[in-house]
There are 2 protein chains.
Amino acid sequence: MRVSRKQVEENKRIILEAAGRLFRERGFEAVTVTDVMKAAGLTHGGFYGYFKSKEELIAQTIAGLQGGTEPLSVDLSSVARRYLSPEHRDDYGHGCPLAALASEVSRQPGAARSEMTGVLKRQFVRFGKIAPGADDEERRRAAIGSSAAMIGALILARMTDDPDLSAEILDETRAWLSDSDPEGSASHRLSGKNPRVED
Amino acid sequence: MRVSRKQVEENKRIILEAAGRLFRERGFEAVTVTDVMKAAGLTHGGFYGYFKSKEELIAQTIAGLQGGTEPLSVDLSSVARRYLSPEHRDDYGHGCPLAALASEVSRQPGAARSEMTGVLKRQFVRFGKIAPGADDEERRRAAIGSSAAMIGALILARMTDDPDLSAEILDETRAWLSDSDPEGSASHRLSGKNPRVED
DNA sequence: CATTATACATGATAGCAATCATATATACAA
DNA sequence: TTGTATATATGATTGCTATCATGTATAATG
């Protein structure tokens, strides 16, 4: 049965939201078109009215996964505390799309990769604004490095079946990010001076 | 036709090697049993003489993927230079199993996860021996943090379809790892003092 | 050398998933 | 209100993949 135009728009949003959650939870391949439609409260048949193919669904889903675009108002240290928390680790469905999907996207066709590249570029810019560093170059470097460390740590913490090791990865990576150099000075990578953040 | 026992042993090694390469290149799901057997120079039928299931093949493949167990004789900085090189980035098939497969392993059943956990633990121990730090605790922290950063960076560099961004991720993460704190002191995370490494 | 066990090939089987075909109910236009 | 367009449901279809069944050549064994 036909539904209203507003409902169609709403349905598309619901489908993309369901896909975003399911893909992050189970990956692209393990999620079927039927799964997505069912999660959206519809049946599989209507799918091709919305998308040309599953491939297109994947690309559009990634395009919609861009986290908030408003500037972060906290320092990187707070971001790391939340990012590297057990809660985030255990919540694939609502967590960081890069940690959940970057590996799979590597093996996806063009559109998915370019959409996810957009997500990544925005992430670096956002982080660059709050990262410590004397100039823009240093801040961008810190944004890239600490993003890689956080994403890598989350992936590893999710991978292992050893709960102690998983917690250790989160905790030690967080500490290592805040830590400074091996001499134990007071400098902190993530909480150092940053001209753009007021205390 | 039956083959010699030596040949059987050899065939199993060839199958596992082919699987290791194919899985890292394309992931577990995209590689079929037939693909693996063909790459090993056999046909699909014989597969179940070697493995109870594809799941078992995956677990045994991961078990065989443990990189060298001999201690690293270089410092972390050299390791990072090779790990974060374009050559490693482009060689999925022979590269780091953690970067290629950690995300997928998260969604695999128990055996695969525990085998990969073993790979990870050994990696931390190996890195801990050459990581900078005043004591074992600091060195382990550095091993975990820099592993996470390198693996995360490789995953992101492989994901993006923007060649400049990909190179930037590798280069900046390497520099960030060697860099010290935001104040620009002379300390270096990866090349700092390490009592166990002689120059 | 004769017998037996077995590794591998060929060829099902069964199930699942993407995609397509068609029917129907209903929003929308007139 | 009437007619038409279309969103969705139901139900193929097609192709792929894991797994199994069977035959056969040949290594092992005595």
Side-chain angles (χ1 to χ4, degrees), chain A residues 1-23 25-62 101 104-105 107-112, chain B residues 1-23 25-62 101 104-105 107-112:
Chain A
M1 61 296 203
R2 187 175 180 180
V3 301
S4 78
R5 287 187 174 172
K6 197 148 301 193
Q7 191 55 238
V8 169
E9 231 180 293
E10 177 66 4
N11 282 348
K12 179 152 186 179
R13 179 157 5 103
I14 293 174
I15 292 171
L16 286 171
E17 188 183 312
R21 184 171 49 79
L22 290 175
F23 285 150
E25 283 171 1
R26 306 186 215 154
F28 300 126
E29 307 215 51
V31 174
T32 71
V33 166
T34 302
D35 289 336
V36 172
M37 293 302 273
K38 191 176 298 178
L42 301 171
T43 58
H44 68 279
F47 178 80
Y48 292 87
Y50 287 96
F51 305 96
K52 193 164 66 240
S53 63
K54 186 181 178 183
E55 185 180 324
E56 186 180 294
L57 168 68
I58 290 172
Q60 288 196 28
T61 299
I62 296 172
L101 296 172
E104 299 219 36
V105 168
R107 291 141 181 161
Q108 289 290 319
Chain B
M1 61 298 202
R2 188 174 180 178
V3 301
S4 78
R5 289 190 172 169
K6 199 148 299 197
Q7 190 55 236
V8 169
E9 230 179 294
E10 177 65 4
N11 282 348
K12 179 152 185 177
R13 177 153 11 97
I14 293 174
I15 292 170
L16 286 171
E17 188 181 311
R21 183 172 51 80
L22 290 174
F23 285 150
E25 283 172 0
R26 306 185 213 155
F28 299 125
E29 308 215 52
V31 174
T32 72
V33 166
T34 302
D35 290 336
V36 172
M37 294 301 274
K38 190 176 298 178
L42 300 171
T43 58
H44 68 279
F47 178 80
Y48 291 88
Y50 288 96
F51 304 97
K52 194 165 65 240
S53 63
K54 185 183 179 183
E55 185 180 324
E56 186 180 294
L57 168 68
I58 290 172
Q60 288 196 28
T61 300
I62 295 171
L101 295 172
E104 299 219 37
V105 168
R107 291 144 181 158
Q108 289 290 318

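Labels below follow one simple rule: chain letters A, B, ... track the order of the sequence lines, proteins then strands, and each chain is numbered from 1. The structure displayed is predicted, hence computed values, not measured ones.
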* Structure fact -> What residues 14-22 of chain A contributes to the DNA chain C interface at heavy-atom separation below 4.0 Å is none

* Asked: In whole angstrom, what separates B/Leu42's CG from C/dA7's C1'?
  -> 9 Å

* Asked: Can B/Val33 and B/Phe51 be said to form a side-chain contact (heavy atoms from CB on, under 4.5 Å), step by step?
  -> CA-CA 10 Å; B/Val33 166; B/Phe51 304 97; over 6 Å; no

* Do any pairs count as a salt bridge (Lys or Arg N to Asp or Glu O under 4.0 Å) and have a residue in residues 53-62 of chain A, sequence neighbours left out, and if so which ones? -> A/Lys52-A/Glu56

* Axial bend angle, the helix from C/dC1-D/dG30 to C/dA30-D/dT1: five-pair end segments, nearest 10° -> 20°

* **Residue pairs passing the salt bridge (Lys or Arg N to Asp or Glu O under 4.0 Å) test where at least one lies in residues 3-12 of chain A, sequence neighbours excluded** => A/Glu10-A/Arg13

* What pairs of residues pass the side chain to side chain donor-acceptor pair (under 3.5 Å) test when at least one of them lies in residues 36-45 of chain A, not counting sequence neighbours? -> none

* To do: Can you sort out the partners of A/Arg107 under side chain to side chain donor-acceptor pair (under 3.5 Å), two or more places apart, ordered by chain and number?
  => B/Glu104

* With salt bridge (Lys or Arg N to Asp or Glu O under 4.0 Å) as the test, would you mind laying out the steps for B/Glu17 and B/Arg21 before giving the verdict? => CA-CA 6 Å; B/Glu17 188 181 311; B/Arg21 183 172 51 80; over 6 Å; no

* Structure fact -> Contacts of A/Leu42 meeting side chain to side chain contact (heavy atoms under 4.5 Å, CB included) (sequence neighbours excluded), chain-then-number -> A/Asn11, A/Ile15, A/Met37

* **Pairing residues for A/Arg26 by the side chain to side chain contact (heavy atoms under 4.5 Å, CB included) criterion, not counting sequence neighbours** => A/Leu22, A/Ala30, A/Val31, A/Asp35

* Could you tell me from which nucleotide to which nucleotide of DNA chain D, 5' to 3', there is an atom under 4.0 Å from chain B heavy atoms? => D/dT17 to D/dT29

* Asked: How would nucleotides 16-29 of chain C be written as a contact map, 5' to 3', with B for base contact, S for sugar-phosphate-only contact and - for no contact, using protein heavy atoms under 4.0 Å?
  -> -SSB-----BBBSS

* **Which atom of A/Ala18 lies closest to which atom of A/Ala40, heavy atoms considered** => CB-N, 4.3 Å

* Can you name the side chain to side chain contact (heavy atoms under 4.5 Å, CB included) partners of B/Ala112, sequence neighbours left out? -> B/Ile58, B/Ile62, B/Gln108

* To do: Check the pair A/Phe23, A/Leu57 against side-chain contact (heavy atoms from CB on, under 4.5 Å), reporting the backbone distance first and the verdict last.
  => CA-CA 11 Å; A/Phe23 285 150; A/Leu57 168 68; 3.9 Å; yes

* Listed by chain and number, what are the ring pair (Phe, Tyr, Trp, His ring centres under 6.0 Å) partners of B/Tyr50, not counting sequence neighbours? -> none

